[in-house]
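Here is the naming used below: chain letters follow the sequence lines, and residue numbers restart at 1 for every chain.
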Number of protein chains: 2
Amino acid sequence: MARLTNDRSSCPVSVLMNLLSGPWTMYIIWMLSTSGPTRFGALRRQVEGISTKMLTERLRMLEQEGIVYRHYEPTVPPQVTYSLTERAGELVTILDQLNGLAQRWYGDLPSCGSSQVQPEALEKATVLL
Amino acid sequence: MARLTNDRSSCPVSVLMNLLSGPWTMYIIWMLSTSGPTRFGALRRQVEGISTKMLTERLRMLEQEGIVYRHYEPTVPPQVTYSLTERAGELVTILDQLNGLAQRWYGDLPSCGSSQVQPEALEKATVLL
DNA sequence: CCGTATCCAGTGTGATACTG
DNA sequence: CAGTATCACACTGGATACGG
């Protein structure tokens, strides 16, 4: 649903990059990888400044791509918990390398996520599958 | 010059991602990594659909980040050749892994660049340094 | 609590025309 | 050839209000 004037949309890397490129996307993934399964409200508070619209949009997209899992609990009030899927693990691993590179290039003081993927976070996520 | 409502701008990964996220950016890097040093006009033809404005903008940015090297030859007419720097090599390596992942996820038929970094491309680039 | 629907402003992008 | 300058427009993303 963007510029399709060229064939970038048919290229795997571009597809993937377009996903990750979206605003807030990386941040959400980082938060989920460090915090583990998180409820919608909590996530919105963690990703400071994001609008509900964006958060929903991003989560839907990530869910559709099999990167995020959405667990709906029909209680009153309803509870929705988001977590990373197993698939996301592969991605986070690479993102982690990117993080390392970024730190070497730009200084390693203010990392916005642990440079080490928290194993527990992924385990918890996987359990929910 | 973008959304600074949160602290993403002070996070190395975010900084790096914001660079790569820009439209066409990945494509340009891929082209340069597979084709080696390329002149402005040729690059514009390879990255089909891009406007001169965008191409210039992106190249300037990548140059400033030390990812792309600009070689100006003051002939008549002038010749400008762009190539990847040594630094870009580290990046392309990771991008390559991302490419592999993308291919596994979305199918590996229409790769928009070789999944193997062309050593010659980087060598040639480095030479120009 | 977890969203969806609507409106609206800001800006990023492309097209076009022009210069060294 | 290799850009720069200008402009107009589409689209993204935020704010707000409302619904299950």
Side-chain angles (χ1 to χ4, degrees), chain A residues 1-9 14 17-28 31-32 35 37-64 68-83 128, chain B residues 1-9 14 17-28 31-32 35 37-64 68-83 128:
Chain A
M1 62 183 70
R3 76 194 60 72
L4 300 173
T5 40
N6 61 2
D7 63 343
R8 285 187 301 160
S9 55
S14 295
M17 280 305 291
N18 284 340
L19 289 184
L20 304 178
S21 299
W24 306 103
T25 311
M26 291 279 299
Y27 233 63
I28 294 170
M31 289 324 301
L32 287 176
S35 306
T38 312
R39 291 181 54 186
F40 186 85
L43 204 51
R44 185 175 47 196
R45 263 170 270 122
Q46 285 180 35
V47 184
E48 204 177 74
I50 196 172
S51 62
T52 62
K53 182 185 175 184
M54 265 291 101
L55 184 53
T56 307
E57 205 173 296
R58 253 48 218 174
L59 285 171
R60 289 277 182 280
M61 183 193 229
L62 290 172
E63 187 191 359
Q64 195 179 333
V68 154
Y69 174 68
R70 180 177 186 267
H71 178 71
Y72 178 78
E73 199 68 42
T75 56
V76 183
Q79 295 196 355
V80 181
T81 307
Y82 291 93
S83 55
L128 287 177
Chain B
M1 65 187 64
R3 74 196 62 74
L4 299 172
T5 42
N6 61 3
D7 61 343
R8 286 186 299 160
S9 55
S14 295
M17 280 304 291
N18 283 340
L19 288 183
L20 304 178
S21 299
W24 307 104
T25 311
M26 291 279 299
Y27 234 63
I28 294 170
M31 290 324 303
L32 286 176
S35 307
T38 312
R39 292 182 54 186
F40 185 86
L43 204 50
R44 186 175 46 195
R45 263 170 268 123
Q46 286 181 36
V47 184
E48 203 177 73
I50 197 173
S51 62
T52 61
K53 182 186 175 184
M54 267 290 101
L55 185 53
T56 307
E57 206 173 294
R58 254 48 223 179
L59 285 171
R60 289 277 183 279
M61 181 193 230
L62 290 172
E63 186 191 1
Q64 194 179 334
V68 154
Y69 174 69
R70 179 176 185 269
H71 178 71
Y72 178 77
E73 200 68 45
T75 55
V76 183
Q79 296 197 353
V80 180
T81 306
Y82 291 93
S83 55
L128 287 176

Visitor: Check whether any side-chain heavy atom of M54(B) lies under 4.5 Å from a side-chain heavy atom of P23(B), and answer yes or no.
Guide: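 SC-SC contact between M54(B) and P23(B) confirmed.
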Visitor: Dump the intermediate steps for side-chain contact (heavy atoms from CB on, under 4.5 Å) on L19(A) and L62(A), then the final yes or no.
Guide: CA-CA 8 Å; L19(A) 289 184; L62(A) 290 172; 5.7 Å; no
Visitor: Looking at the side chain of P23(B), which of dC1(C), dT13(C), dG13(D) is the nearest nucleotide?
Guide: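 The closest nucleotide is dT13(C).
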Visitor: Show the numbers, then the answer: is there a side-chain contact (heavy atoms from CB on, under 4.5 Å) between M17(B) and L20(A)?
Guide: CA-CA 9 Å; M17(B) 280 304 291; L20(A) 304 178; 4.0 Å; yes
Visitor: Five pairs at each end of the helix from dC1(C)-dG20(D) to dG20(C)-dC1(D): take the axis at both ends and give me the angle between them to 10°.
Guide: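 The angle separating the two end axes equals 50°.
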Visitor: Measure the shortest side-chain to side-chain distance between M31(A) and V47(A) over non-hydrogen atoms and say whether it is less than 4.5 angstrom.
Guide: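 Yes; the side chains approach each other to less than 4.5 Å.
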Visitor: Say you draw a straight line from OG1 of T56(A) to CZ of R44(A); how long is it, rounded to the nearest 0.5 Å?
Guide: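 Answer for the OG1-CZ pair, T56(A) versus R44(A), is 8.5 Å.
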Visitor: Just how far is it from atom OH of Y69(B) to atom CD of E63(B), taken to the nearest 0.5 Å?
Guide: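 Atom-to-atom, Y69(B):OH and E63(B):CD are 9.0 Å apart.
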Visitor: With side chains defined as the heavy atoms from C-beta onward, is the minimum distance between L59(B) and R70(B) less than 4.5 Å?
Guide: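 With C-beta onward as the side chain, the pair stays apart.
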Visitor: Nucleotides 2-6 of chain C: which of its N/O atoms have a protein N/O under 3.5 Å away?
Guide:
unit_1, atom_1, unit_2, atom_2, d
dC2(C), OP1, R39(A), NE, 3.1
dC2(C), OP1, R39(A), NH2, 3.2
dC2(C), OP2, G41(A), N, 3.1
dG3(C), OP1, R60(A), NH2, 3.4
dG3(C), OP1, R70(A), NE, 3.4
dG3(C), OP1, R70(A), NH2, 2.5
dG3(C), OP2, Y82(A), OH, 2.8
dG3(C), O3', R60(A), NH2, 3.3
dT4(C), OP1, R60(A), NH2, 3.2

Visitor: Output the rounded distance in Å from OH (Y27(A)) to P (dG13(D)).
Guide: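 Going from OH in Y27(A) over to P in dG13(D) covers 17 Å.
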Visitor: Quickly work out the I50(A) CD1 to dG13(D) P distance and round it to whole Å.
Guide: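 Computing the I50(A):CD1 to dG13(D):P distance gives 10 Å.
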Visitor: Compare all side-chain heavy atoms of V80(A) with those of Y72(A) and state whether any distance is below 4.5 angstrom.
Guide: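 When only atoms from C-beta onward are counted, Y72(A) and V80(A) do touch, with a gap below 4.5 Å.
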Visitor: Would you say W24(B) reaches dG12(C)'s phosphate, i.e. side-chain N/O to OP1/OP2 under 4.0 Å?
Guide: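 For W24(B), the contact criterion (side-chain N or O under 4.0 Å from OP1 or OP2 of dG12(C)) is not met.
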Visitor: Can you tell me how far P of dA2(D) sits from CD of Q46(B), to the nearest Å?
Guide: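 Going from CD in Q46(B) over to P in dA2(D) covers 13 Å.
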